[in-house]
Amino acid sequence: TGENRLSEGVFGLSALLSTSERFAFQLDGTLANAKKSHMDDDGTKLSSINDTRVAATFYSAKGLTSLTAYANLPTGKTKLDEEEYTVAYTVADNSRKFLVRRFGQGLDIGAQGMVHPKAGNLAFHLGAGYMLKGKFQARKDDAEKYKFGDEISAMAGLGYQKDKVAF
């Protein structure tokens, strides 16, 4: 009984380096702090950098297709104690719509391909991808490692570019 509170603070960092019109490299990371408390207690906190994503993209000569290879590196916190695991489990609930829903998992590798047909200033982006998920130990006391199922994705988007401004 009583009121439970759940809060999350997030600081993200993303870097993109285009070495030419045909190659781009990307690095993404997030620092997250989640806190679960009940009534007036101090609560339990979980602070960690998330897993870090590195990606390399190759674009065809006219930019009509692209192929991206990426890895999610296991830099986030795993092997949580029971209180930290309770916070992580609560934040992971999709109905709560938190920006960071996972802290650390195993090495994930994947690839995605896209086509980018253009019509005037408009570009359409359609693609598919596959990610092989790695194993990780969620709790300190777990005897075995956990593995999520691999992921298949479909993507679609629309872009507008005029001169050097793009949306």
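FYI, side chains are in, hydrogens and waters are out, and symmetry mates aren't considered; it's all heavy atoms of this structure.
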Hey, what do you get for [atom1] ([X]) to [atom2] ([Y]), rounding to the nearest 0.5 Å?
X: N50; Y: L13; atom1: CG; atom2: CG; value: 12.5 Å
X: Y85; Y: D142; atom1: OH; atom2: CG; value: 7.5 Å
X: T75; Y: I49; atom1: OG1; atom2: CD1; value: 5.0 Å

Quiz prompt | Shared hydrophobic cluster for L132 and L73 (ILVMFWY, side-chain gaps under 4.5 Å) | solution = yes
Quiz item: Is it true that L158 and V165 fall in one hydrophobic cluster, defined by side-chain heavy atoms closer than 4.5 Å?
Solution: yes
When the side chains of residues 103-128 are checked against the rest of the protein, which donor-acceptor pairs come out under 3.5 Å, sequence neighbours left out?
unit_1, atom_1, unit_2, atom_2, d
Q105, OE1, R102, NH1, 2.8
D108, OD1, G134, N, 3.0
D108, OD2, K133, NZ, 3.2
H116, ND1, H125, ND1, 2.7
H116, NE2, S66, OG, 2.8

Counting neighbours of [atom1] on [X] that are heavy atoms of other residues, nucleotides or ligands and sit closer than 6.0 Å, is the number greater than 12?
X: I152; atom1: CD1; result: no
X: K45; atom1: NZ; result: no
X: E83; atom1: CD; result: no

Practice problem: Decide yes or no on side-chain contact (heavy atoms from CB on, under 4.5 Å) for L80 and L46, but give the supporting numbers first. | Solution: CA-CA 9 Å; L80 307 174; L46 175 57; 3.9 Å; yes
Practice problem: Name the orientation class of the two ring planes belonging to F23 and F25 (parallel below 30°, tilted from 30 to 60°, perpendicular beyond 60°). | Solution: parallel
Self-check item: Shortest non-hydrogen contact from T68 toward A55
Solution: CG2-CB, 4.1 Å
Quiz item: So which heavy atom on L16 is nearest to which on A24, and how close?
Solution: CD1-CB, 4.1 Å
What residues form a salt bridge (charged side-chain N to carboxylate O under 4.0 Å, His left out) with [X], not counting sequence neighbours?
X: R22; value: none
X: K79; value: none
X: E82; value: R139

Quiz item: With distance as the sole test, does Q137 use its side chain to make a donor-acceptor pair with the main-chain N or O of K140 at under 3.5 Å?
Solution: yes
Distance-only donor-acceptor pairs under 3.5 Å for side chains of residues 27-35, two or more places apart:
unit_1, atom_1, unit_2, atom_2, d
D28, OD1, S14, OG, 2.5
D28, OD1, Q26, NE2, 3.4
D28, OD2, Q26, NE2, 3.1
N33, OD1, S47, OG, 3.0
K35, NZ, D42, O, 3.2

Quiz prompt | Within residues 61-75 or reaching into it, pairs that qualify as salt bridge (charged side-chain N to carboxylate O under 4.0 Å, His left out) - sequence neighbours excluded | solution = none
